[in-house]
Peer 1: 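Sharing a structure with you now.
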Amino acid sequence: MKGIVIFLVLAAFLTACNTKTEVVVKKVDDGAVLSFSADSKYLLMPMEDTAPEKRMEVEVDHDHFNTFVIRPAINRIDYWVPLDLSGIHQKAVTVFLKEFQGYELFLDNVKLANSFDYEYDEPHRPAFHFSPPYGWMNDPNGMVYYDGVYHLAYQFNPLGTRWQNMSWGHATSKDLVTWEHQPVALYPDTLGAIFSGSAVVDIHNTTGLQSGEEKTLLAYFTHAGPNGQVQSLAYSNDKGKTWTKYANNPILTHFENDPDFRDPKVFWHAETERWVMVIARSLKKEIEIYSSENGIDWQFESSFGQGQGAQGGIWECPDLFEMAVEGEAGESRWVLICNLNPGGPSGGSAAQYFIGDFDGRVFTNHAKPSDIKWMDWGKDHYATVTWSDVPESDGRRLAIGWMSNWEYANDVPTKNFRSAMTVARELKLVTKGEELVLASYPVEELEKLRVEEVVFDNLVVENEQVVDSFLGQNNGAYELTMMLDASDADVAGLTLFNSKGESIDISISLSKGEMYMDRSNSGLTDFNDRFKAVTFAPVEKKEKYELRILVDKASVEIFEGKGSTVMTNVVFPTEPYNRLKFYTKGGATLVQDLKIYRLN
Ligand code: FRU
C-alpha cells in the first residue's frame with residue numbers, strides 16, 4: 001500500500017514537471033506575438049526551406065535580447081530549429097513576428113521542448129568530414145590549438161539551413177578527425193552578425209585579459225551590422241568553453257566609402273614582437289596588414305593586392321604564415337592565402353595564394369603579379385585558413401576549408417544541415433616542375449580511420465576494365481590509393497559508379513597535361529544550373545601519377561603527387577558509388593598498388 005502511495009505521489013509530481021508551459025500565441029495587426037516562460041530548453045520552430053525570410057525580435061524580461069531572420073513554415077514543415085533558451089532560464093520571453101499573416105502552420109506547431117530530435121544520418125551526411133549538428137555552415141573560423149585541443153569554430157546559422165544569423169558554431173578535436181560539438185561560441189548582437197575571423201593564444205597576456213592560470217584565447221572577428229563591417233574581439237579564460245565579447249568593441253572600424261572590410265586573421269610576429277592582422281578589403285580586392293602591441297589597438301601597415309593574382313571576384317578570408325621549403329634546408333617563404341569569390345578556376349569560389357616575403361609590415365610577392373596559384377582546383381574548397389598555435393614540436397601548418405561554393409551552397413539537396421568542411425590538411429611548400437607550390441595533403445591522423453583494406457593485383461588496362469571486388473558493405477565512405485602508369489597512353493581514367501547509373505569520372509590527359517573530374521552525371525545535380533561541372537587542373541607530364549581519392553557520401557577529394565595537385569568536389573549520389581572501372585585511350589595504362597580502404 002505504502003509503495004502504491006509513493007508511486008502515485010511520484011507520478012503526480014512527474015506529471016506536474018512535464019506540464020510544459022505553453023507558448024501563448026497572440027495575433028496582432030501586422031503579425032503575431034509569442035509569449036512564454038523559458039522553463040524548457042528550447043523553443044522548437046517549424047521551418048520551410050524556401051519560404052520567405054521573416055524577422056523575429058526576441059525580448060527577455062521586456063528587454064531587447066536578439067533579432068534573427070527565419071524562414072517559418074507556411075505551406076509545409078521541412079525541418080525544425082531550436083531557439084536555445086539555456087542562457088535565459090525561467091525568464092519571460094516575448095517573440096515578435098512581423099508581417100505574419102497566413103502562418104497558421106507555424107503558429108499552431110511552434111512549441112517548447114527539452115530535447116531537439118532530428119534526422120542526423122541523412123544520406124548525404126558525411127561520415128568522416130566535419131559537418132554542423134544541424135543548420136547552415138560556411139567558413140571555418142577561430143582555429144586555434146590550446147592544451148591538446150584543436151578548436152574549430154565556423155560560420156553557423158543556428159536557426160536555419162540557409163545563410164543567415166551568422167554566429168560562431170564551435171567544435172573541438174584531439175586528432176583533427178573526430179570532432180565534438182560544443183555550444184555556440186558567439187551569437188549576433190546589436191553590433192551585428194558574427195562574420196569570419198581567427199583565434200590565437202595570448203601567450204604574453206598582451207591584452208591584460210587573462211584572469212587565472214589558463215592563457216587567454218583571443219577571437220578576432222567581423223561584426224557585420226548597422227554600421228557596416230567592423231572588427232571586434234572576444235576572449236576565453238576557460239580554454240575556449242565560454243567566450244566573452246570585449247567591452248569596448250569594435251576595436252577597428254571601417255572606412256567611410258568602403259564598408260566591406262572583413263575576416264581578420266591574427267598571428268604573433270616573433271621578430272617584431274607584435275601582433276599582425278591580415279584582413280580583406282573585399283570589394284577593393286586588397287589585403288591590408290595591421291600591427292598591434294597589445295592586441296587591442298591596431299595600426300595600419302600596408303596593403304597588398306592591386307593588380308595581383310586572380311581578380312575575378314571579391315577577396316575574403318586571408319591568411320599569412322611562414323613555411324619551410326621542403327628539401328631546401330634553412331629556406332623559408334611567407335605564404336599569403338587569399339580566398340576569392342567568384343573567379344575560381346572552375347567558376348565560383350576558390351582559394352588562391354601568393355608566395356613571397358614578409359618583414360613584419362609589408363608582404364612582397366615573389367611571382368609575377370599576373371601569376372595565379374590555386375590551392376585546390378575543384379569547385380568546393382573555400383575560405384581555407386590555417387590553425388594558430390600548433391606547437392613547434394609538431395611543426396605542421398594545418399588547414400581546413402569549407403567544402404562548398406557560393407554558386408550553389410544554399411541549394412544543395414540536404415535537409416537538416418547544409419555543407420561540410422574538407423578533411424584537415426597539412427600544407428607544404430614543394431617543387432612541382434619548375435615551380436614552388438603549396439601542396440595540401442590529408443593529415444596523417446586520417447589513416448586511423450582505415451578499418452578494412454582491399455588490395456588488388458596490378459592491372460593492365462587495354463581498353464576498359466571493371467574491378468570486381470569493391471568493399472563488402474560499402475556505405476559510401478572510403479579511400480582509394482593507386483599509381484597510374486600511363487606513359488604509353490594518351491588518356492588514363494577511372495569511373496566510380498553505382499547501380500542507378502550515377503557516376504563520377506576522374507581522368508588524366510597526358511597530351512594536354514591536365515587532370516579532370518566530371519560530376520555532370522554524379523546523382524542529384526539539377527538543384528542549381530552551376531552544379532554540373534567538369535573541373536580541371538594542370539599536372540606535370542610524368543611516368544606515374546600517384547593518386548589518393550577520399551570519398552565520403554557527398555564529396556570527392558583527389559590528391560595527386562602527395563597533394564601538389566588537389567581537386568575537391570561535392571556530389572549527391574542517390575546510392576553510394578560502389579563499383580569501379582578503369583579505362584585508357586591511345587595505349588595501355590598500368591594500375592599499380594591499387595588499394596581501397598573503408599573509412600570509419
Ligand atoms: C566568406 C564570407 C566571409 C564572411 C562570411 C560571412 O565565405 O563571405 O567574407 O565573413 O563569409 O558568412
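All residue numbers in this chain count up from 1 along the given sequence. Indexing begins at 1, ligand by ligand and atom by atom, following the structure's order.
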Peer 1: With sequence neighbours left out, what residues match K54 under salt bridge (charged side-chain N to carboxylate O under 4.0 Å, His left out)?
Peer 2: none
Peer 1: Please enumerate all residues that pass side chain to side chain donor-acceptor pair (under 3.5 Å) together with H366, with sequence neighbours excluded.
Peer 2: D357
Peer 1: So which protein residues pack against ligand 1 under 4.0 Å, heavy atoms counted?
Peer 2: N138, D139, Q155, W163, M166, F195, S196, R262, D263, E316, Y382, W406
Peer 1: Under the rule for ring pair (Phe, Tyr, Trp, His ring centres under 6.0 Å), what residues qualify as partners of H381, not counting sequence neighbours?
Peer 2: none
Peer 1: Any luck finding a side-chain donor-acceptor pair between D380 and N405 under 3.5 Å?
Peer 2: no
Peer 1: Between F156 and Y134, how do the two ring planes meet: parallel, tilted or perpendicular, split at 30° and 60°?
Peer 2: perpendicular
Peer 1: Does the plane of the ring in H151 sit parallel, tilted or perpendicular to the ring in H170? Use 30° and 60° as the thresholds.
Peer 2: parallel
